[in-house]
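Numbering of ligands and ligand atoms starts at 1, following listing order. In what follows, residues are counted from 1 in the order of the sequence shown.
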Amino acid sequence: MSRLEELRNRIESRDARIGVIGLGYVGLPLAIEFAKAGFKVTGLDIDDEKVRSLEAGVSYIEDMPNEAVVAEKDAGRFHATSDFGELARLDVLNICVPTPLTRTKDPDVSHMAKAVEEIRRRLRSGQLIVLGSTTYPGTTHDLFVPMLEESGLRVGEDFSLAFSPERIDPGNKKFKVSQIPKVVGGETPRCTELAVAVFSTIFDEVVPVSSSQSAEMVKLLENTFRAINIGLANEVALMCGRLGLDVWEVIEAAATKPYGFMKFLPGPGLGGHCIPVDPSYLSWKMKSLNFSARFIDLATDINGHMPEHVADRVSELLNGDRLAVNGANILILGVAYKKDVGDMRESPALDVIELLAQKGAAVTFHDPHVREFTVEGTIYKNTDLTDEAIGAADLVVILTDHSDIDYERLVASAHRVFDTRNATAAVNENREKITKL
Ligand SMILES: NC(=O)c1ccc[n+]([C@@H]2O[C@H](COP(=O)([O-])OP(=O)(O)OC[C@H]3O[C@@H](n4cnc5c(N)ncnc54)[C@H](O)[C@@H]3O)[C@@H](O)[C@H]2O)c1
């Protein structure tokens, strides 16, 4: 029996040892899911603080309760470490490290390369490696196959390699990890088969595709689709503004069509680690093939200008009441990039706040999920959402539509409210105080 066939049997019997490299929003839930399925799982991270926290049974991911970590640790099925020496004895290695952009907006695959290098140094026959970090088509095949084969081992013969994109949606209470179909594309059909076998133990449905490049492209299509449709919703919001129409009324009514329409909503701009970043991975790759990704460029331009549009509207609004942004007290409600999470990565609130501060506004914020953050060297600390704090603001700007806010009370206490998310849709009283995006 070959080492790879042996691994297949060990996956079926749950004897395979699973490794997850990168224990963030993606890696930690994946690791715990494998542990719940009965595997022994090692989580590896370069961040000692995260490792210490998990070893103490404390989760730093909002969707992941401490109890889930503690249960798997107590059962001896999960532990976290920053000792990469452990890689040698693991059978399946999932890579879930960040893939950000560089300052010049090019793909930064250096974290992935470092993780792959750690694996290469200890690669042994029979291991399966699965890349899960979002990246451009060809990364697995063109970059990492040659790197791993420097070990002298051959992909598909000695070790297996596949790409399987992550689809986790932090804060989404509707779908459990296991309910989101998992796409898998291996370097060879046997690599795909093994990766399907391992993911079938935790996902209800696994969708094999013909290559790692195809699997990489699937993820970029999904997130480019979102970025472009949000760009369209944002442009429709700008059009409705000129036409004197309520964009949310228009979109909600269009969404009653039972086919051929999918609802996307406008807002103050894109945020998070995925939607503002992933399309740039695709357009960068296409540029190298002398192809201009025009839809992506257009959506990036429209979405990227939304914070500026919000800041301009704030100026207009205050101006209408003979007030200047300079010196105005502006209370920002919600700074996370989306509702009901505390994730501030790429949040448009950071840009809006910077623009308003540059114009001389005294900016404060409230967000039930964020304690403090820094913009351009200024530390902003969470303000309690008391009636006094609301009343002290010349303007309240809603940038994130968190659920656990009493919007009725907010509007009642505020002088004026600028709502970029339609968070105040259900507010009945004092509607004259509300201006929408
Ligand atoms: N967050 C999401 O909602 C989401 C959804 C789908 C896909 N993704 C993709 O998944 C990947 C991971 O994203 P995330 O949100 O989990 O990132 P994250 O920043 O939350 O976590 C990444 C973790 O990797 C660790 N790390 C960095 N370099 C490492 C290395 N060389 N070795 C070991 N650990 C290392 C970091 O310390 C961090 O804990 C990215 O490619 C992202 O685009 C994210």
I want to know if ligand 1 touches [X] in the polar sense, i.e. an N/O pair below 3.5 angstrom.
{"X": "Lys219", "result": "no"}
{"X": "Thr134", "result": "yes"}
{"X": "Tyr25", "result": "yes"}
{"X": "Lys50", "result": "yes"}

Is the Phe225 ring parallel, tilted or perpendicular to the Phe264 ring (thresholds 30°, 60°)?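 The rings of Phe225 and Phe264 stand perpendicular, inter-plane angle above 60°.
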Shortest protein contact, [atom] (heavy atom only):
{"atom": "atom 7 (C) of ligand 1", "result": "Glu166 CB, 3.5 Å"}
{"atom": "atom 24 (O) of ligand 1", "result": "Gly22 CA, 3.3 Å"}
{"atom": "atom 21 (O) of ligand 1", "result": "Gly24 CA, 3.2 Å"}
{"atom": "atom 27 (C) of ligand 1", "result": "Pro98 CD, 3.5 Å"}
{"atom": "atom 31 (N) of ligand 1", "result": "His111 O, 3.7 Å"}
{"atom": "atom 15 (O) of ligand 1", "result": "Arg345 NH2, 3.2 Å"}
{"atom": "atom 28 (N) of ligand 1", "result": "Ile46 CD1, 3.5 Å"}
{"atom": "atom 3 (O) of ligand 1", "result": "Pro170 CD, 3.1 Å"}

Ligand 1-proximal atoms of [X], by part, heavy-atom distance under 4.0 Å:
{"X": "Ser133", "result": "both"}
{"X": "Cys274", "result": "side chain"}
{"X": "Phe84", "result": "side chain"}

Relative to the heavy atoms of [X], which atoms of ligand 1 are at a distance of less than 4.0 Å?
{"X": "Ile21", "answer": "32 (N), 33 (C)"}
{"X": "Ile168", "answer": "3 (O), 5 (C)"}
{"X": "Asp47", "answer": "37 (O)"}

Which residue in the set Ile405, Asp401, Ile398 passes side chain to side chain contact (heavy atoms under 4.5 Å, CB included) when paired with Thr424?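 The option that passes is Ile398.
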Please check if any side-chain donor atom of [X] sits under 3.5 Å from a side-chain acceptor atom of [Y], or the reverse.
{"X": "Ser110", "Y": "Asp108", "answer": "yes"}
{"X": "Thr400", "Y": "Lys338", "answer": "no"}
{"X": "Thr135", "Y": "Ser133", "answer": "no"}

According to salt bridge (charged side-chain N to carboxylate O under 4.0 Å, His left out), does anything in residues 136-163 pair up with another residue at least two apart or in another chain? List the pairs.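 For residues 136-163: Glu149-Arg154.
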Heavy atoms only: which of [options] lies closest to [atom]?
{"atom": "atom 25 (C) of ligand 1", "options": "Asp48, Asp45, Asp63", "answer": "Asp45"}
{"atom": "atom 35 (C) of ligand 1", "options": "Asp343, Val26, Ile95, Val97", "answer": "Val97"}
{"atom": "atom 41 (O) of ligand 1", "options": "Thr99, Val20, Leu30", "answer": "Thr99"}

Arg17 and Asp91 ion-paired at < 4.0 Å: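 Salt bridge present between Arg17 and Asp91.
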Can we say Glu72 and Lys36 salt-bridge, meaning some charged N sits less than 4.0 Å from an Asp/Glu carboxylate O?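 Here Glu72 does not pair with Lys36 in a salt bridge, since their nearest N and O are not under 4.0 Å apart.
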Tell me, with the steps shown, if Glu216 and Thr140 meet side chain to side chain donor-acceptor pair (under 3.5 Å). CA-CA 9 Å; Glu216 288 161 339; Thr140 308; 2.5 Å; yes
Could you report the tightest heavy-atom contact between [X] and [Y], atom names first, then the distance?
{"X": "Ser59", "Y": "Val69", "answer": "CB-CG2, 4.1 Å"}
{"X": "Trp248", "Y": "Arg421", "answer": "CZ2-C, 3.6 Å"}
{"X": "Thr134", "Y": "Thr99", "answer": "O-OG1, 2.7 Å"}

Report yes or no: is the cationic atom of Lys73 (NZ for Lys, CZ for Arg) closer than 6.0 Å to the six-membered ring centre of Phe78, at no more than 45° off its axis?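 No, Lys73 and Phe78 do not form such a contact.
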